[in-house]
There are 2 protein chains.
Amino acid sequence: MTTKGKPLRRTKAEQREGTLAQILDAAEYLFGQRGLYGVTLKDVASLANVHTSLLHYYFADKKAMFDAVFARRAGVTAERRSVALDEYMAGRTDPPTVEGVLRAYLDTDLDLYMTGGEGWRNYAALGAQVAMAPEWGAKLFDTHFDPVVLKMIGLLKQALPDCPEEDIFWGYHFVTGVLVQTLARTGRIDVLSDGLCRSDDFSAIKARMARFLAFGFEGICQDRAAERNRLTN
Amino acid sequence: MTTKGKPLRRTKAEQREGTLAQILDAAEYLFGQRGLYGVTLKDVASLANVHTSLLHYYFADKKAMFDAVFARRAGVTAERRSVALDEYMAGRTDPPTVEGVLRAYLDTDLDLYMTGGEGWRNYAALGAQVAMAPEWGAKLFDTHFDPVVLKMIGLLKQALPDCPEEDIFWGYHFVTGVLVQTLARTGRIDVLSDGLCRSDDFSAIKARMARFLAFGFEGICQDRAAERNRLTN
DNA sequence: ATTATCTATAGATCTATAGATAATGC
DNA sequence: ATTATCTATAGATCTATAGATAATGC
């Protein structure tokens with residue numbers, strides 16, 4: 001079995017990298033299924049085919065391992081979305097449109113989960129759980145995603161110059177909800193729709209999400225404009 | 001201290017009910033903060049001021065306790081929303097509007113969390129965590145909420161007779177996301193908006209949510225109508 | 001005479017550490 | 001000579017149960 005193509009001898013750096021990836025992949029899957037507290041180090045070790053004590057060699061403790069899992073892909077997706085927003089703006093002289101900004105932001109992310117393989121889908125499910133964890137979850141999101149989110153919100157302000165800042169932030173609140181619900185892939189819509197829709201059909205969701213949300217923004221901003229008119233006249 | 005107004009002697013049924021409520025309240029708060037796996041029976045017992053073994057007297061195991069916590073309020077909110085939808089339809093001869101249906105459904109629920117006290121807000125946070133749990137979470141939602149959700153979806157179909165069923169289900173998928181994100185109250189929007197918005201300001205959210213989502217539905221249904229026209233002409 | 005609550009404890013599991021062994025690195 | 005991995009185990013914690021005690025119920 002010692003074919004020339006696959007040398008059994010690996011450099012230590014390679015070995016380290018390989019094992020770490022195995023561990024992080026296993027942890028990512030399990031944490032995505034049951035959350036931080038629903039997974040034991042032993043669970044991760046078994047799935048990763050390493051001994052539990054090795055986890056302590058690589059990570060200070062369980063939370064540090066969890067943070068490493070989250071951080072591994074957080075930077076990648078944040079950067080992709082940031083670049084997509086820049087590219088969207090680079091190609092135009094007109095102010096941005098709400099749907100354009102949302103497409104750059106959301107579709108770019110959905111593409112990643114559609115084409116990035118199982119790892120990215122597991123990460124998505126993990127992200128959904130983190131997003132709903134009040135104690136430490138929001139903090140993780142703040143740390144990794146604030147810059148790109150604020151960049152997007154800045155562009156939405158340009159797209160909706162007459163809309164109060166408050167409404168735009170609430171609109172973003174709704175955007176997160178829709179995205180996070182999608183990333184969770186709980187299978188609930190499958191049951192409700194009796195199989196007509198499947199919660200892992202990101203392609204169907206991509207076809208609707210940005211437009212749905214763009215119309216939503218118009219709705220609450222129109223509302224505000226109307227209210228202001230009512231008060232002024 | 002044996003004033004006539006507050007007899008120390010309680011009937012067993014009263015005692016049972018009181019203790020159960022203490023236990024369920026404590027469990028509700030803790031599960032809402034850290035999820036099913038992040039809470040131990042000892043945690044619940046300490047907060048409820050009872051001995052851990054008493055939890056085993058009242059519940060078969062931890063999951064049964066969790067289910068009892070969830071079930072206690074699930075029926076109440078489902079029924080309220082169902083009644084609100086009926087009342088909305090009772091008062092009209094025209095077909096329903098999307099925003100009308102969503103207001104009956106969502107505003108009724110938000111009112112409950114706004115006026116129902118701390119217990120209901122803790123339950124909301126718990127619900128948000130359950131909604132993102134792939135293994136057992138979706139199942140709990142199916143059990144308790146399918147009837148009222150399907151009733152609402154039926155009304156949305158009446159409001160949007162030309163919209164494909166598929167789009168309406170996806171629209172509902174987005175509705176859940178927005179509601180669940182709101183119920184979680186993670187404080188993330190507070191940080192992002194630098195205090196301009198607060199995630200526990202359900203009143204501000206109520207003023208925007210139904211309209212935002214109603215416009216979203218119009219958006220994806222218009223889209224579909226346009227697409228059909230394109231294909232037909 | 002039944003029901004509610006507490007005491008005591010078994011048995012399993014979980015995290016974490018110390019120290020041994022087996023690889024790669026120079 | 002350093003780094004990666006495993007063995008063995010301590011100490012804490014967690015769920016669950018058996019059985020005692022203290023209330024209410026007739």
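A quick note: this is a predicted structure, and the numbers were derived from the prediction, not measured. The analysis underlying the following values was restricted to heavy atoms, covering all of them including side chains, and did not include hydrogens, waters or symmetry mates. A, B, ... follow the sequence lines: proteins, then strands. Residue 1 opens every chain.
Here C:dT3 presents its C1' atom at 9 Å from CD of B:Q15, a figure rounded to the nearest Å. Put simply, CG on B:L41 is 17 Å from C1' on D:dA12, counting in whole angstrom units. The NZ atom of A:K62 sits 15 Å away from the P atom of C:dT13 (whole-angstrom rounding). When rounded to the nearest whole Å, the span between CZ of A:R10 and C1' of C:dG25 equals 16 Å. If you take OH of A:Y37 and C1' of C:dT13, they are 18 Å apart, rounded to a whole angstrom. One interatomic measurement links the two molecules: CG of A:D61 to P of D:dA12, which rounds to 18 Å at whole-angstrom precision. B:R16 places its CZ atom 12 Å from the C1' atom of C:dT5, with the value rounded to the nearest Å.
Contact between B:R198 and B:I189 at its shortest, heavy atoms only, is C-CG2, 4.0 Å.
Mapped onto DNA chain C by nearest heavy atom, B:T19 and A:T40 fall at different nucleotides, with B:T19 at the one closer to the 5' end. When each of B:A13 and B:V39 is assigned the nucleotide of DNA chain D with its nearest heavy atom, B:V39 is the one assigned upstream, toward the 5' end.
Side-chain contact check for A:M132 versus B:T186: every heavy-atom pair is 4.5 Å or farther apart. The shortest distance between side-chain heavy atoms of B:D109 and B:L112 falls below 4.5 Å. With a 4.5 Å cut-off on side-chain heavy atoms, A:F217 and A:W170 do not count as touching.
One distance of note links CG of A:L196 with CD of B:E165; it measures 5.5 Å at 0.5 Å rounding.
Near DNA chain C, meaning a heavy atom under 4.0 Å from it, residues 42-60 of chain B has B:H51, B:S53, B:L54, B:Y57, B:Y58 in order of number.
Heavy atoms from other residues, nucleotides or ligands lying under 6.0 Å from NZ of A:K63 number more than 12. For B:Y29, the OH atom counts as loosely surrounded, since its 6.0 Å shell holds 12 or fewer non-hydrogen atoms of other residues, nucleotides or ligands.
With sequence neighbours excluded, the residues forming a salt bridge (Lys or Arg N to Asp or Glu O under 4.0 Å) with B:D86 are B:K151, listed by chain and number.
For D:dT2, the base has a donor-acceptor partner in the side chain of A:K12 [N/O atoms by modelled type, under 3.5 angstrom].
The cationic group of B:R103 does not satisfy the cation-pi geometry with B:Y88, failing either the under 6.0 Å distance to the six-membered ring centre or the 45° limit from the ring axis.
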Nucleotide-level pairing of DNA chain C, given in dot-bracket where Watson-Crick and G-U pairs need both distances under 3.5 Å and | marks other strands: ||||||||||||||||||||||||..
